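Residue numbers start from 1 in every chain, and the chains themselves are labelled A, B, ... in the order their sequence lines are given, proteins ahead of strands. For clarity, every value in this text was computed on a predicted model and none was experimentally measured.
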Amino acid sequence: MTAILKTTNLKKYFKIGNNGFLHAVDGVDIELERGTTLGVVGESGCGKSTLGRLVLGLLPATSGEIYYDGVDIMHCGNAELAECRRKTQIIFQDPYSSLNPRMSVYELISEPLVSNKAFRNKAERYARVMELMDTVGLAERFINSYPHEMDGGRRQRVGVARALALKPDFIVCDEPVSALDVSIQAQILNLLMDMQDEMNLTYMFITHDLSVVRHISNEIMVMYLGQCVERSPSKELFRNPAHPYTQALLSAIPAPVLGGFAPEKLLRGEISDPINPEPGCRFAKRCSQCGTNCVGKDVPLEEIEPGHFVACTLFTQKGGMPRNTS
Amino acid sequence: MTDIIASNTELRKKLKKKSQVAEIWRRFRKNKTAMVGLFIFVFIMLVVIFADAIVPYSVSISQKISARFISPGQDGHLFGTDNFGRDIMARIVHGSRNSLLVGLGAVVCGIVIGGLLGSVAGFYGGTVDSVIVRTLDTVMCIPLMLLVLSIVAALGASLVNVLIAMMIANVPMYARIVRAAVLSVVGQDYIEAAKACGTSNFMIILRHVIPNAIGPIIVQATMAVGTMIINAAGISFLGMGIQPPTPEWGAMLNEAKSYMINYPYTVIFPGLAIGLTALSLNLMGDGLRDALDPKLKD
Amino acid sequence: MSAMPVLDVKNLEVAYHTDETVMRAVNGISFSIDERETVGLVGETGAGKTTTALAIMRLLPERTGRINRGEIFYKGEDLSKKSADQMRLIRGACISMIFQDPMTSLNPILTVGDQILEALEIHNTDGKPKTALDARVDELLSLVGISPLRKVEYPHQFSGGMKQRIVIAIALACEPLLLIADEPTTALDVTIQAQVLVLMGELKQKLGTSMIMISHDLGVIAKTCDKVAVMYAGEIVEYGSARDIFEGRDHHPYTTGLFRAIPNLLGESRRLYPIDGLMPDPSALPSGCKFHPRCSGRMSGCDGEAPFLFEENGHRIQCNLFRKMAGQ
Amino acid sequence: MSRYIIRRVFLLIPMLLIVIFIVSFIMALTPSNPGILILGERADPAEIQKLNDELGYNDPFFVRYAKYVWNAAHGDLGKSWKNDNPVIVEILRRLPTTVTLAVGSILIGLVVGLPLGVISAVKQYSPLDIGGTVFAMILASFPAFWIGMMLIILFSLKLGLLPSFGIGSIRHFILPWVTTSCAFIASQLRMTRTSMLEAIRMDYIRTARAKGQRERIVIMRHALRNALLPVVTILGMDFGSMLGGTVTIETVFSLPGVGSLIIEAIRMKDIPVVVGATVTLATSYTLLMLLVDILYAFIDPRIKARYIKHS
């Protein structure tokens with residue numbers, strides 16, 4: 001089975017000031033199979049949203065390669081690019097700001113159809129919009145409503161319908177439920193999973209919330225300051241988190257059970273901007289197990305279990321077994 | 001669900017969305033001061049349209065030395081007569097056409113040219129933006145009235161030339177207004193969403209940028225018409241605009257200023273005409289702003 | 001030491017009156033907070049949590065917000081009857097509040113030291129000298145884990161988590177008896193959230209402050225609270241000790257639904273269990289139990305009169321399902 | 001910070017080149033003949049021709065432009081064709097009147113407009129607010145020169161309280177000050193109200209109230225200081241527009257200011273005066289705007305940080 005999406009050494013630098021470069025995405029490799037979901041997790045500023053926009057071609061990459069269905073989309077013709085664009089879509093975080101306030105639900109959902117001249121006549125287009133509304137669970141009576149007349153959950157359903165309109169293969173979900181209440185969040189997550197089962201969709205699910213991706217992802221990638229620090233099948237990651245950052249992230253999630261945090265597992269300090277970063281592990285400054293090997297040269301991803309990759313010096317010494325820290 | 005194949009008329013009926021214009025009008029109507037402005041403006045527009053029916057143009061320019069300085073209300077001269085015995089009301093009625101023409105014309109042409117520059121700068125950003133903005137900023141350093149006056153001096157004093165001068169001189173301001181409005185829209189997520197679903201730049205401008213940016217532009221334009229009328233009056237007042245005997249409010253003030261000591265009414269009425277017109281436009285603009293942006297109201 | 005609660009809210013009703021509608025945000029809630037206790041208000045958007053907090057602080061929007069009924073006793077004194085000036089002296093000194101977004105809740109043009117100092121100066125009733133207040137600013141900053149040397153810096157020079165620490169320092173400056181924290185960590189990243197929550201817990205312990213913790217996140221509530229009030233559409237549908245809520249057997253259907261809807265880290269199931277339907281419109285609330293249109297255990301009569309109030313050892317559930325149980 | 005200011009001052013140079021170009025270009029289109037202007041209508045045509053050659057008037061436009069820029073760079077703005085006085089002297093003689101007029105009316109505008117704007121915002125939708133905004137709207141709608149005429153009729157002619165023209169004493173300035181300040185009161189009031197309304201809605205205002213701060217101090221210390229930025233901008237722009245925009249007021253009150261100098265020069269086609277005066281005004285305007293930007297840094301530390309970072 002070939003990968004539907006493959007990136008190698010993908011980089012995006014933003015120029016800051018006169019000679020500063022913000023390394024938003026710094027050498028990320030992705031391989032994503034059709035019908036699966038990759039969860040991309042990290043705190044604000046880790047480059048996860050930038051990564052999503054890079055693979056969709058909404059932002060030009062600084063360097064690296066992106067193959068979509070075997071096509072090198074950074075060096076292909078316009079026709080192929082347009083075809084890729086049609087098959088890749090995005091669902092945005094905030095359904096309020098990502099929907100034009102002056103357009104009705106019908107206009108919003110039909111926009112991708114109109115833009116891509118998907119139907120010759122209005123009646124067919126209307127039928128497709130109705131079908132989409134039915135699919136995402138929007139009642140027909142909302143067809144002439146405006147975004148501000150609806151609640152967050154329904155607005156996000158419009159966002160999902162827009163993404164599905166052109167029957168895409170691959171959808172980037174950029175924090176699609178972060179702006180929603182828990183009970184509504186569950187509705188949208190279920191909807192996304194149903195859509196995936198029905199249409200064999202591939203998702204890249206970007207979120208800051210590890211508990212959300214657990215349900216939807218087959219594989220999870222943890223990002224820190226533009227780099228992937230750990231990649232693993234979903235279950236394995238939760239069962240056996242390897243990177244100190246992943247461990248810290250997991251233990252920082254407040255579970256709805258009584259009992260306080262384990263303070264010894266809490267991270268010190270805060271995330272900084274990766275502007276002209278020095279080589280070495282970017283997490284070193286906050287890491288409680290930071291050693292001399294962690295600074296000075298970059299730490300590559302190593303496979304410690306089949307499919308479980310970690311970029312940490314604790315695992316580079318003895319074929320996957322943690323180094324004794326004492 | 002897929003078997004809904006409807007005829008076009010049926011579709012149109014089904015997709016009859018609530019008009020947002022009606023919603024704006026509903027909010028505008030509740031604003032008393034704005035309605036007063038609208039009322040005055042409609043009245044002035046009626047005068048402009050039916051000027052010839054109210055009083056023939058010839059009355060406004062026919063000189064009669066024997067009828068100089070007749071006080072308001074006497075001999076059928078509602079606002080009195082001026083130094084040449086011309087009926088002031090007739091001159092105000094016909095002057096309205098020239099004043100409004102200059103005001104509206106300058107704004108409309110200015111918005112078209114400035115809007116083009118401003119939207120190009122705002123939408124594309126980068127070098128294009130900074131070149132346009134720098135140049136416009138430089139032009140804005142020259143005091144507006146002086147720029148207008150020197151252009152009028154270069155072109156010669158006439159109605160059309162005043163209009164052209166005001167239009168040119170105001171392009172930077174309109175470009176800035178439009179650019180700000182466009183920029184506030186271009187940064188929005190729904191523009192990125194539209195790009196993501198394959199909408200062309202042209203369609204994005206047409207369906208997303210313009211509908212969302214037009215509101216503040218209309219508000220500013222409405223108020224700018226009032227300012228333009230005042231400025232045009234100022235130019236005529238200095239004797240460099242529309243030349244007598246053509247009736248125009250500012251020119252009337254210029255002619256009357258030597259007589260204001262003994263005949264104050266000769267300056268009062270033309271000034272009131274300018275002020276009321278500008279006031280009506282300002283009130284309307286203010287009401288429109290509130291009606292377009294309900295967020296400010298709470 | 002008296003057994004009098006620090007705060008006792010009785011039958012509080014708050015509404016927002018606009019030109020066109022009346023939004024009934026809080027509809028008759030009662031709860032009390034003892035000394036050193038933390039009470040959690042948990043619920044989704046529109047449940048009336050923030051409105052409750054603002055009503056206690058008497059900071060409701062002047063033009064629209066109104067307390068229609070009920071009493072708020074702070075150590076036996078009814079706050080809703082205080083004059084504006086008396087209330088001003090209580091705010092900050094006796095009750096303080098932390099707001100959700102640390103990015104915007106500090107004044108961008110004043111140094112953080114000045115903003116902490118301001119709180120001290122307002123309530124400096126016994127005329128302490130300026131040097132003593134300055135020393136207290138340093139002390140407060142170290143207390144929340146920021147170097148006192150940074151007090152001359154402006155808010156934009158601090159990160160989000162640091163800003164929230166400063167906000168906490170301001171709130172605790174006068175050692176209030178009660179701290180109201182309105183979603184204090186929602187805007188923060190999860191690792192920073194954990195740091196801030198631990199800090200708040202430590203300070204509460206040290207200073208003996210009582211606290212109202214407002215959150216939409218049951219996890220945050222579980223980590224911080226002694227008592228929990230689950231709010232829905234302006235009502236407390238379930239109220240009890242943290243043990244009752246997180247480990248108890250009996251729950252309001254909404255509480256049950258809320259727990260089931262959270263994506264969790266342990267379970268095996270892939271699908272989630274959302275609550276059907278949506279939060280009701282506060283300007284047109286349903287009759288009877290406000291939750292009945294979304295409730296799976298709905299019975300005839302749920303849409304009529306106010307629901308049955310079940311109570312057992314301080315665990316209150318406002319639901320008709322418990323009528324039978326109480327009868328037994 | 002100082003590096004930022006120096007950089008901004010250097011940016012003045014290209015700007016001035018463009019301004020000189022625009023004004024010279026417009027004036028080049030204007031039909032004029034300096035020879036006739038200086039020697040009179042009846043002078044010998046050969047003499048006129050000779051003088052025009054001497055003045056460089058017959059040179060191509062770009063040569064004249066280059067010469068002008070070269071001289072201006074050495075502090076020489078040329079001589080008036082009308083009376084042979086150096087342009088710079090003419091301007092300096094007129095400047096005090098214009099500045100007095102500008103400073104006075106701006107101050108009145110600020111002293112009246114700012115507090116009214118604050119009150120309007122704090123008491124939004126009260127009769128006071130509605131009255132204030134309508135009042136501002138009316139002030140802004142009537143041409144200042146007409147208001148000036150009305151004031152002259154009332155205070156000079158009917159009541160005989162104040163002089164209507166000239167610059168003999170401070171009393172001569174009262175009517176012009178009041179006249180020009182009308183527009184500024186309006187703009188200050190509206191701008192203060194708008195930005196105060198925005199500031200009052202900010203979270204940090206709620207924080208200040210939650211501290212138990214007095215409402216008056218919340219408004220003055222927290223809201224107003226944050227609302228000042230746009231107010232300062234408008235202040236600078238008003239001042240800038242005063243420098244050249246009071247031609248009509250100077251005409252009504254017969255004040256010998258820079259505005260009337262330029263309008264006289266435009267009428268006479270006295271090109272060196274027009275260009276020189278316009279360039280002076282444009283420079284002052286830009287320097288004023290720079291001053292506004294520097295003021296920003298003192299009001300808002302975030303802006304100061306940005307200046308330091310980009311210099």
Side-chain angles (χ1 to χ4, degrees), chain A residues 41-46 150-154 177 179-194 197 207-217 234-235 238 245 248-263 265-273 286, chain C residues 42-47 145 158-162 185 187-195 197-199 201-202 215-225 241-243 245-247 254 257-279 281 294:
Chain A
V41 186
E43 293 177 283
S44 46
C46 74
M150 296 188 291
D151 59 277
R154 291 213 178 91
V177 296
L180 305 176
D181 273 319
V182 199
S183 63
I184 309 299
Q185 174 178 317
Q187 293 175 4
I188 299 294
L189 283 173
N190 279 347
L191 173 68
L192 288 173
M193 288 190 274
D194 291 344
D197 294 344
T207 180
H208 67 277
D209 188 346
L210 262 173
S211 51
V212 167
V213 276
R214 201 186 92 88
H215 287 262
I216 200 166
S217 309
S234 180
K235 280 197 183 124
F238 281 88
Y245 178 63
L249 213 49
L250 273 169
S251 61
I253 299 173
V257 286
L258 294 180
F261 288 102
K265 284 191 184 159
L266 289 185
L267 276 184
R268 294 166 293 153
E270 298 194 17
I271 204 161
S272 56
D273 286 331
R286 296 174 75 190
Chain C
V42 65
E44 298 176 281
T45 315
F158 292 86
S159 64
M162 289 298 202
T185 56
L188 304 175
D189 272 322
V190 61
T191 55
I192 310 300
Q193 159 169 297
Q195 291 172 1
L197 287 178
V198 167
L199 173 77
E202 285 167 8
S215 181
H216 68 279
D217 187 338
L218 277 166
V220 170
I221 296 288
K223 294 277 171 278
T224 51
C225 298
S241 67
R243 195 166 289 276
I245 302 292
F246 289 96
E247 288 168 1
Y254 177 66
L258 214 50
F259 270 101
R260 277 164 64 92
I262 321 173
N264 66 53
L265 291 168
L266 307 164
E268 278 300 310
S269 132
R270 191 163 115 94
R271 282 189 69 86
L272 293 147
Y273 303 94
I275 306 172
D276 287 335
L278 301 160
M279 206 64 152
D281 178 356
R294 299 175 73 182

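- How far CG of C:Asp189 is from CG of A:Asp209: 11.0 Å, rounded to the nearest 0.5 Å.
- Shortest non-hydrogen contact noted between C:Ala261 and A:Ser183 is CB-CA, 4.0 Å.
- C:Gly277 and A:Gln187 get closest at one heavy-atom pair: O-NE2, 3.4 Å.
- Shown here for A:Asn190 and C:Tyr273, the closest heavy-atom pair between the two residues is ND2-N, 4.5 Å.
- In this structure, CG in A:Asp181 is found 9.0 Å from CG in C:Leu258, a value given to the nearest 0.5 Å.
- Heavy-atom minimum distance, A:Ser211 versus C:Pro263: O-CB, 3.4 Å.
- A distance of 12.0 Å separates CG in A:Leu250 from OG1 in C:Thr191, rounded to the nearest 0.5 Å.
- Under the 3.5 Å distance criterion, the side-chain polar atoms of C:Gln195 are matched with a main-chain donor or acceptor of A:Leu267.
- Heavy atoms closer than 4.5 Å to chain A are found in the side chain of C:Leu197, but not in its backbone.
- The part of A:Arg286 that comes within reach of chain C is its side chain, from C-beta onward, which places non-hydrogen atoms under 4.5 angstrom from that chain.
- For A:Asp151, the part lying under 4.5 angstrom from a heavy atom of chain C is the side chain only.
- When all heavy atoms of C:Glu44 and A:Val182 are compared, the pair lying nearest together is OE2-N, 3.7 Å.
- The line from CE of A:Met193 to CG of C:Leu272 is 5.0 Å long, rounded to the nearest 0.5 Å.
- If you tally non-hydrogen atom pairs under 4.5 Å between each of A:Glu43, A:His208, A:Arg154 and chain C, the highest count goes to A:Glu43.
- With C:Lys223 contributing its side chain and A:Val257 its backbone, the two residues share a donor-acceptor pair below 3.5 Å.
- Only the side chain of C:Arg294 comes within contact range of chain A, with heavy atoms under 4.5 Å apart.
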